[in-house]
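Let me begin by presenting the structure, written as structure tokens, before commenting on it.
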Amino acid sequence: MMRFICLLVLFVGLHFKADAAPPPLASLFGGGFSLVDQDNQVRTDKDFRGQYMLIYFGYTFCPDVCPTSLGILADSYDALDKSVKDRIQPLFISLDPARDTPAVIKPYVKAFHPDFIGLTGTVAQLKEATKAYRVHWRKFVPEGSDPEKDYAVDHSSLTYLIGPDGNFLTLFPHGSRQEFMVSTINKYLSENK
């Protein structure tokens, strides 16, 4: 965790002038999005105002990182009291619009938890969302593979906690322990009752 914090401070420092004070972390992550959910309905960030959001960016063909992160997210979400869970909406945003159609995303997210909502969109819509959340992603095609079918999506693996006003609160790096996620979520929600 300490290594992650040091890298985050370095990242912030490299992106701003040396003589300017870096902005608070809350202004670095988060923002608007307009995407399509697993039921083919347009959803924007404003649809979730009044709720906390737990947002994870990934893709359904991800062999290990995404399933691990979503599994921990589901277990952490289930470990919360019902009164806390009722204030949170977990979201999965796909970074693979070519393969992750709403019909593909729906059973994928529901396999992790029935409360999860899956979102996708055009490349342009995803670029806007990933820019707001500073998610790094790129299509990777192994040598000799079919670029339309046999590719991976390299991406950062973070889960974001967003407040009911749409502002960033904190993030959880890949591999965060369930106990840590639960205690952190409870802390933020208890501060804002």
Residue list, side-chain hydrogen bond (donor to acceptor under 3.5 Å, both in side chains) with [X], at least two apart or on another chain:
{"X": "K110", "value": "none"}
{"X": "T170", "value": "none"}
{"X": "T122", "value": "Q125"}
{"X": "N186", "value": "none"}

Hey, could you give me the [atom1]/[atom2] distance between [X] and [Y], rounded to the nearest 0.5 Å?
{"X": "S183", "Y": "Y188", "atom1": "OG", "atom2": "OH", "answer": "11.0 Å"}
{"X": "Y160", "Y": "Y133", "atom1": "OH", "atom2": "OH", "answer": "9.0 Å"}
{"X": "I185", "Y": "I88", "atom1": "CD1", "atom2": "CD1", "answer": "5.0 Å"}
{"X": "T159", "Y": "L70", "atom1": "OG1", "atom2": "CG", "answer": "7.5 Å"}
{"X": "Y77", "Y": "M181", "atom1": "OH", "atom2": "CE", "answer": "12.5 Å"}

Original post:
For residues 178-187, which residue pairs qualify under salt bridge (charged side-chain N to carboxylate O under 4.0 Å, His left out), counting only residues two or more places apart or in two chains?
Top reply: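 Salt bridge (charged side-chain N to carboxylate O under 4.0 Å, His left out) check on residues 178-187 returns R177-E179, K187-E191.
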Subject >> Pairs touching residues 64-83 that satisfy salt bridge (charged side-chain N to carboxylate O under 4.0 Å, His left out), sequence neighbours left out >> reply: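 Passing the test, one end in residues 64-83: D78-K85, K82-D86.
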Original post:
Can you name the ring-ring contact (aromatic ring centres under 6.0 Å, His included) partners of H174, sequence neighbours left out?
Top reply: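 Expected list: none.
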**OP:** Please identify each residue that fulfils ring-ring contact (aromatic ring centres under 6.0 Å, His included) with F116, with sequence neighbours left out.
**Re:**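 ring-ring contact (aromatic ring centres under 6.0 Å, His included) check on F116 returns H113.
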Quick one: closest heavy-atom pair of [X] and [Y], and the distance?
{"X": "G121", "Y": "L126", "value": "O-CD1, 3.8 Å"}
{"X": "P173", "Y": "L158", "value": "CA-CD2, 3.7 Å"}
{"X": "R49", "Y": "G166", "value": "NH1-CA, 3.5 Å"}
{"X": "C66", "Y": "G58", "value": "SG-CA, 3.6 Å"}

**OP:** Output yes when K106 and D39 qualify as a salt bridge under the 4.0 Å nitrogen-oxygen rule, no when they do not.
**Re:**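 Yes, this pair counts.
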If two hydrophobic side chains count as joined below 4.5 Å and joins carry through other members, does [X] share a cluster with [Y]?
{"X": "L161", "Y": "V84", "answer": "yes"}
{"X": "F180", "Y": "I72", "answer": "yes"}
{"X": "V135", "Y": "F61", "answer": "yes"}
{"X": "V182", "Y": "L189", "answer": "yes"}
{"X": "V36", "Y": "I117", "answer": "no"}

Subject >> With sequence neighbours excluded, residues passing side-chain contact (heavy atoms from CB on, under 4.5 Å) with A132 >> reply: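 So A132 forms no side-chain contact (heavy atoms from CB on, under 4.5 Å) with any residue.
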With distance as the sole test, does [X] use its side chain to make a donor-acceptor pair with the main-chain N or O of [Y] at under 3.5 Å?
{"X": "Y56", "Y": "S157", "value": "no"}
{"X": "R134", "Y": "T130", "value": "no"}
{"X": "D45", "Y": "F33", "value": "yes"}
{"X": "Q38", "Y": "I105", "value": "no"}

Subject >> Flag side-chain contact, heavy atom, 4.5 Å: Q178 against S76 >> reply: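 Yes, at least one pair of side-chain atoms sits under 4.5 Å.
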Subject >> Within-4.5 Å side-chain heavy-atom neighbours: L54 and L73 >> reply: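 L54 vs L73: side chains touch.
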Original post:
Sequence neighbours excluded, which residues qualify as salt bridge (Lys or Arg N to Asp or Glu O under 4.0 Å) partners of K127?
Top reply: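 So K127 forms no salt bridge (Lys or Arg N to Asp or Glu O under 4.0 Å) with any residue.
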Original post:
Can you list the residues that meet the salt bridge (Lys or Arg N to Asp or Glu O under 4.0 Å) rule with K46, with sequence neighbours excluded?
Top reply: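 Scan of K46 (salt bridge (Lys or Arg N to Asp or Glu O under 4.0 Å), adjacent residues dropped) gives none.
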Compile the donor-acceptor pairs under 3.5 Å between side chains in residues 89-100 and protein atoms, sequence neighbours left out, one pair per line.
| from | atom 1 | to | atom 2 | distance (Å) |
| --- | --- | --- | --- | --- |
| Q89 | NE2 | D115 | O | 2.8 |
| S94 | OG | D96 | N | 3.0 |
| S94 | OG | D100 | OD2 | 2.6 |
| D96 | OD1 | Y151 | OH | 2.5 |
| D96 | OD2 | R99 | NE | 2.6 |
| D96 | OD2 | R99 | NH2 | 2.9 |
| R99 | NE | Y151 | OH | 3.2 |
| R99 | NH1 | K149 | O | 2.9 |
| R99 | NH1 | Y151 | O | 3.4 |
| R99 | NH2 | Y151 | O | 3.1 |
| D100 | OD1 | T60 | OG1 | 2.4 |
| D100 | OD2 | T60 | N | 3.0 |

Original post:
So, do Y52 and F48 have ring centers that fall under 6.0 Å from each other?
Top reply: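 No, the ring centres sit 6.0 Å or more apart.
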